[in-house]
Amino acid sequence: MSYLNLKTVILIGIPGLEHVQFWIGFPFLGVCLLALLGNIFLLIIIATERSLHQPMYIFLAVLAATDLGLCVAIAPKMLAIFWFGSCSMSFDACLTQLFFIHALQGTESGILLAMAFDRYVAICDPLRHTSILTPVFLIQMVLMVAIRATVLVGILPILLKGLQLFQSVIIAHSYCEHMAVVKLAAEDVHINKSHGLFVAFAILGFDMIFVFISYILIFQAVFHLPHKAARLKAFHTCTSHIAIFLEFYILAFFSFFSHRFGHISPYAHILLSTIYLLVPPALNLIVYGVKTKEIRRRVAQLVF
C-alpha cells in the first residue's frame with residue numbers, strides 16, 4: 001500500500017518491547033528529570049557565581065541549554081507513547097521534532113569542540129588565553145556553531161517534505177529520527193541519505209577530528225611540563241571535558257552507524273539511540289560537579 005502526500009505518521013515506540021514500554025517509561029522519566037533539574041541548576045549556578053564567568057563555564061552553560069532543548073524535544077512525546085498510547089503525530093510536527101533534535105545535536109558537538117579549543121589555549125598558550133577568548137569571540141563561536149547546525153540540518157526536513165510517495169506511515173522509533181523517516185519513502189531517497197551522511201561527517205566527524213587534534217597538542221604540552229604537580233593540575237582541568245566528549249561521541253557514532261550499516265535488533269538500536277540523547281544531558285551536573293568546588297558548593301546551597 002502506498003501513501004501520497006503523507007499527513008500523519010505513527011510512532012510505535014520500541015518495536016518488540018511494546019508490552020513493557022509502560023515500565024520502561026519510568027527510568028526514562030527519571031533520567032529526563034535528572035537532566036532537566038541538573039542543567040537548570042548548572043545555568044543558575046553559572047549565571048550567579050562570578051568565579052565561573054570564564055570561557056569553559058560559559059560554554060558549559062550553552063551545553064546545558066542545548067541539553068534542556070533536547071529533553072524538551074524528545075521526552076514529552078516519547079512518554080506519551082509509552083504511557084498513553086499516543087502514537088500518532090502530524091508529518092509536519094514530526095519534521096519539526098526531527099529538525100530540533102538533530103540541530104541541537106549538531107550544536108552540542110560544536111560546543112564540545114569550542115570547549116576543547118578553550119582547554120588548548122589555556123594549557124598551550126596560557127598568557128594569551130584572556131586576550132584570545134574575549135566575550136565577543138565567545139559569542140561569535142557560539143553563533144557560528146548554531147548557524148552551522150541550523151543550516152546543514154535545516155535541509156533534511158526540506159528534502160523530506162519534497163517526497164511525494166510513501167510505503168508506510170509507521171515509524172519504528174520513539175521519536176522522529178532522520179533515517180527512520182527516510183525509510184518510509186517509496187521513491188528514490190539517495191539525495192536524502194547522502195545529505196544525512198554529509199551532515200553527520202561535516203558536523204560530528206569534523207568536530208571529533210579537531211577535538212582529537214586539540215588533545216594531542218594538549219597532552220604534548222602537559223608531558224613537557226617540568227614538574228609532576230603541574231602536569232597533574234593541567235590534566236585535571238581537562239578530565240571533565242574528556243568524560244563528556246567520550247560519552248557523546250562514542251554513543252553518537254554507535255547509534256549513527258548501527259542505524260545505517262548495522263544488524264542489531266531494532267529494540268536494541270532504539271534503546272541505545274534514546275539513551276544516547278538523554279543520558280549525556282543527565283551527567284553534566286555530575287561530571288562537572290565532581291570536579292568543580294564552586295558547583296558542588298552551590299548545588300548544596302540550592303538543595304539544602
Side-chain angles (χ1 to χ4, degrees), residues 1-33 35-36 67-105 150 153-189 191-193 195-196 199 255-256 258-260 264-279 281:
M1 183 175 182
S2 296
Y3 301 84
L4 189 64
N5 294 325
L6 203 60
K7 300 295 183 184
T8 304
V9 295
I10 306 295
L11 290 157
I12 64 173
I14 305 174
L17 296 180
E18 291 91 344
H19 59 293
V20 292
Q21 282 185 165
F22 180 85
W23 303 109
I24 292 173
F26 289 100
F28 277 143
L29 174 64
V31 172
C32 289
L33 290 176
L36 288 170
D67 286 336
L68 282 173
L70 272 174
C71 289
V72 171
I74 296 168
K77 184 60 182 179
M78 181 184 70
L79 294 175
I81 294 168
F82 290 171
W83 288 342
F84 308 113
S86 177
C87 300
S88 64
M89 191 178 195
S90 75
F91 189 53
D92 289 341
C94 179
L95 295 182
T96 302
Q97 186 191 50
L98 180 154
F99 167 75
F100 278 107
I101 289 173
H102 292 305
L104 289 167
Q105 284 177 295
T150 301
V153 173
I155 297 172
L156 297 176
I158 293 172
L159 291 173
L160 287 168
K161 189 67 175 174
L163 298 175
Q164 299 295 318
L165 196 61
F166 296 85
Q167 61 187 344
S168 175
V169 298
I170 298 173
I171 299 175
H173 217 303
S174 55
Y175 59 88
C176 289
E177 194 268 346
H178 177 246
M179 279 304 299
V181 179
V182 168
K183 289 176 179 178
L184 300 181
E187 56 186 281
D188 183 35
V189 289
I191 294 177
N192 302 75
K193 291 181 177 179
H195 185 68
V199 170
S255 175
F256 175 80
S258 67
H259 207 355
R260 285 162 175 79
I264 65 172
S265 60
Y267 73 83
H269 165 72
I270 290 165
L271 277 173
L272 287 170
S273 63
T274 306
I275 288 169
Y276 150 61
L277 289 177
L278 294 179
V279 170

Report the distance from atom CZ of F166 to atom NZ of K7, rounding to the nearest 0.5 Å.
10.5 Å
Can you confirm whether V153 sits close enough to V199 that some side-chain heavy atom of one is under 4.5 Å from a side-chain heavy atom of the other?
yes
Under a 3.5 Å distance rule, please check whether H102 uses its side chain to pair with a backbone N or O of H178 as donor and acceptor.
yes
Let me have the donor-acceptor pairs involving side chains of residues 90-99, under 3.5 Å, with sequence neighbours excluded, atom names and distances please.
| residue | atom | partner | partner atom | Å |
| --- | --- | --- | --- | --- |
| S90 | OG | A93 | N | 3.1 |
| D92 | OD1 | K161 | NZ | 2.6 |
| T96 | OG1 | D92 | O | 2.9 |
| Q97 | OE1 | C176 | N | 2.8 |
| Q97 | NE2 | A73 | O | 2.9 |

Determine the sole option in L156, V181, L160 for which the side chain to side chain contact (heavy atoms under 4.5 Å, CB included) test with N192 is passed.
L160
Do Q167 and K183 touch side chain to side chain, with heavy atoms closer than 4.5 Å?
no
What are the two closest non-hydrogen atoms of I270 and A172, and how far apart are they?
CD1-O, 2.8 Å
All heavy atoms of L104 vs all of L70, minimum pair found to be CD1-N, 3.5 Å
Exactly one of M78, E177, Q105 should register a side chain to side chain contact (heavy atoms under 4.5 Å, CB included) with L277. Which one does?
Q105
Counting distance only, does the side-chain N/O of K77 pair as donor-acceptor with the main-chain N or O of S86 below 3.5 Å?
yes
Would a distance-only check, ignoring hydrogens and angles, find a side-chain to backbone donor-acceptor pair under 3.5 Å from E187 to L163?
no
List the atom pairs, donor and acceptor, that lie under 3.5 Å between side-chain atoms in residues 10-33 and the rest of the protein, sequence neighbours left out.
| residue | atom | partner | partner atom | Å |
| --- | --- | --- | --- | --- |
| E18 | OE1 | G16 | N | 2.9 |
| Q21 | OE1 | I14 | N | 2.4 |

side-chain contact (heavy atoms from CB on, under 4.5 Å) between L68 and L36: does it pass, once the steps are laid out?
CA-CA 6 Å; L68 282 173; L36 288 170; 3.6 Å; yes
